[in-house]
There are 2 protein chains.
Amino acid sequence: MDTNQRLRAAAEKLALTLAQGGMQRATARVMTALLYTGKESMTAADLREELSISSGAVSTAIKQLAPLGLVERVPAPGSRRDHYRLRQGAWSNLMSQQNALLTVMCDAAREGIDAAGADGVTGRRLHEMQDFYTYMLEELVPLIDRWREQYTAGTGGASAG
Amino acid sequence: MDTNQRLRAAAEKLALTLAQGGMQRATARVMTALLYTGKESMTAADLREELSISSGAVSTAIKQLAPLGLVERVPAPGSRRDHYRLRQGAWSNLMSQQNALLTVMCDAAREGIDAAGADGVTGRRLHEMQDFYTYMLEELVPLIDRWREQYTAGTGGASAG
DNA sequence: CTGAATGTTTACAGATCTCTGAAATGTCTA
DNA sequence: TAGACATTTCAGAGATCTGTAAACATTCAG
């Protein structure tokens with residue numbers, strides 16, 4: 001099957017992009033493997049084999065992906081192995097997690113102003129920074145929330161577009 | 001002066017955050033040095049001394065920051081040395097640059113659908129991904145544009161908030 | 001309770017990336 | 001054109017990070 005190879009290639013390529021964005025490499029590969037798999041869910045052994053990585057790496061990857069809401073453990077019916085799958089809304093969760101950085105930037109700006117004072121060149125620069133990140137936070141958070149509502153409304157998935 | 005030390009500490013802390021977000025460490029330090037300096041602009045030598053890094057590192061940092069629109073070379077009045085300063089709108093430019101990743105994600109989703117087909121579990125997952133990043137692109141780009149207009153309107157800076 | 005199968009943790013090896021130091025390049029003055 | 005000063009480039013040392021292998025813990029069948 002040639003299609004399978006194309007899928008593998010696409011998965012690896014996307015993993016590379018995610019890695020570029022700060023995600024650990026093996027973690028990104030696990031993520032894209034779960035995205036591109038034809039199965040409903042994959043076991044740790046499946047991932048290990050599919051990606052040719054150690055079980056330790058799989059374990060670490062899951063440990064990183066699960067708390068971010070990107071991947072979830074699925075109750076295995078009749079199997080002792082844990083099954084994992086990409087979570088519904090994974091991408092918006094990923095985005096939210098990146099937004100956490102905006103809060104940090106906002107706080108940093110405020111702290112800077114506290115230390116430097118609101119006047120002078122430094123104060124002015126910090127003020128622009130604070131304004132920007134405040135604006136972004138106020139706009140982005142509701143934006144993502146709106147997406148979530150909108151998407152869970154058309155739960156079927158196929159008709160969501 | 002104790003204030004100076006507080007500023008240095010704040011700058012370093014922010015640099016660490018930026019580095020966490022993928023920016024090179026020395027590059028991030030140069031960025032925050034330019035943000036926190038009391039001067040209007042800094043020379044490469046200033047940066048080298050302030051941060052205790054080599055001139056090569058400074059050069060590399062500028063080379064990375066300038067194309068992103070975060071830092072600009074300022075015409076030096078009567079000095080042969082180049083002067084640098086944080087650009088107006090640096091933060092929104094940084095954000096825009098991160099948004100470029102959204103486009104990549106969007107394209108990746110489309111390519112995936114091409115390879116996997118729109119039906120089946122894989123197609124459905126990719127579809128959600130595509131929908132999300134399409135939505136984000138459509139919303140985020142105008143959002144930032146709006147900020148830019150809004151901010152350049154109150155050009156003074158001090159009264160911009 | 002025992003044994004087997006699976007999942008997790010950790011020290012270490014390998015790879016990767018970053019920064020330094022020095023040479024090369026460029027730019028301006030006289 | 002020569003000379004001085006500033007910046008850029010680049011090979012290699014150093015630090016950092018990632019993944020593996022193996023020990024350890026846990027869960028479940030019999």
Side-chain angles (χ1 to χ4, degrees), chain A residues 8 11-34 39 41-68 70-85, chain B residues 11-34 37 39 41-68 70-85:
Chain A
R8 275 289 277 285
E12 290 296 330
K13 187 177 163 190
L14 179 57
L16 226 58
T17 300
L18 288 173
Q20 200 186 0
M23 191 178 288
Q24 208 149 322
R25 210 154 136 240
T27 304
R29 293 183 71 209
V30 165
M31 173 103 182
T32 60
L34 288 172
K39 302 176 186 172
S41 63
M42 293 177 83
T43 67
D46 289 339
L47 290 164
R48 194 189 65 75
E49 190 177 355
E50 169 83 14
L51 302 174
S52 305
I53 57 179
S54 71
S55 58
V58 174
S59 178
T60 303
I62 298 292
K63 200 169 77 175
Q64 291 175 332
L65 292 171
L68 299 179
L70 304 182
V71 154
E72 64 187 346
R73 189 162 304 184
V74 155
S79 166
R80 259 169 68 187
R81 299 179 174 183
D82 290 346
H83 286 233
Y84 303 98
R85 73 167 170 218
Chain B
E12 290 296 332
K13 187 177 163 190
L14 179 56
L16 225 59
T17 301
L18 287 173
Q20 201 186 0
M23 191 179 288
Q24 209 148 321
R25 195 134 165 277
T27 304
R29 293 183 71 208
V30 165
M31 173 106 182
T32 59
L34 288 171
T37 181
K39 301 174 185 172
S41 64
M42 294 177 84
T43 67
D46 288 339
L47 290 163
R48 194 188 66 75
E49 191 176 356
E50 169 82 14
L51 301 174
S52 305
I53 57 179
S54 72
S55 56
V58 174
S59 177
T60 303
I62 299 291
K63 201 168 78 174
Q64 291 176 332
L65 292 171
L68 299 179
L70 303 183
V71 154
E72 66 188 344
R73 190 162 305 185
V74 156
S79 166
R80 260 170 67 188
R81 297 180 175 181
D82 290 346
H83 286 235
Y84 304 98
R85 75 167 170 217

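First the proteins, then the strands, lettered A, B, ... as listed; each starts at 1. Fair warning: this is a prediction, and the values are worked out from it, not measured in the lab.
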>> Test your reading of the model: is there a side-chain donor-acceptor pair from B:R29 to the backbone of B:L51, 3.5 Å cut-off?
In response: yes
>> I need the CZ-C1' distance between A:R48 and C:dT8, as an integer number of Å.
In response: 15 Å
>> Please report the distance, rounded to the nearest Å, between CZ in B:R81 and P in C:dC28.
In response: 16 Å
> Atom CZ of B:R29 and atom C1' of C:dT20: how far apart are they, to the nearest Å?
Replying inline: 14 Å
> Taking B:V30 as the fixed residue, which of B:T60, B:L70, B:L47 is the one that meets the side chain to side chain contact (heavy atoms under 4.5 Å, CB included) rule?
Replying inline: B:L47
>> For a 4.5 angstrom cut-off between non-hydrogen side-chain atoms, does A:R25 reach A:L16?
In response: yes
> Within this structure, what is the CG-to-C1' distance between B:L47 and D:dA6, rounded to whole angstrom?
Replying inline: 14 Å
> In whole Å, what is the span from the CE atom of A:M42 to the P atom of C:dG7?
Replying inline: 13 Å
>> Counting primed atoms plus P, OP1 and OP2 as sugar-phosphate and everything else as base, spell out the protein contacts along nucleotides 8-30 of chain D at 4.0 Å heavy-atom distance: B, S or - for each nucleotide, 5' to 3'.
In response: BB--------SSB------BS--
> Any side-chain heavy-atom pair from A:L14 and A:M31 closer than 4.5 angstrom?
Replying inline: no
> Considering only heavy atoms from C-beta outward, does the side chain of A:M42 approach that of A:L34 to under 4.5 Å?
Replying inline: yes
> Going by heavy atoms in the side chains, are A:R8 and A:E50 under 4.5 Å from each other?
Replying inline: yes
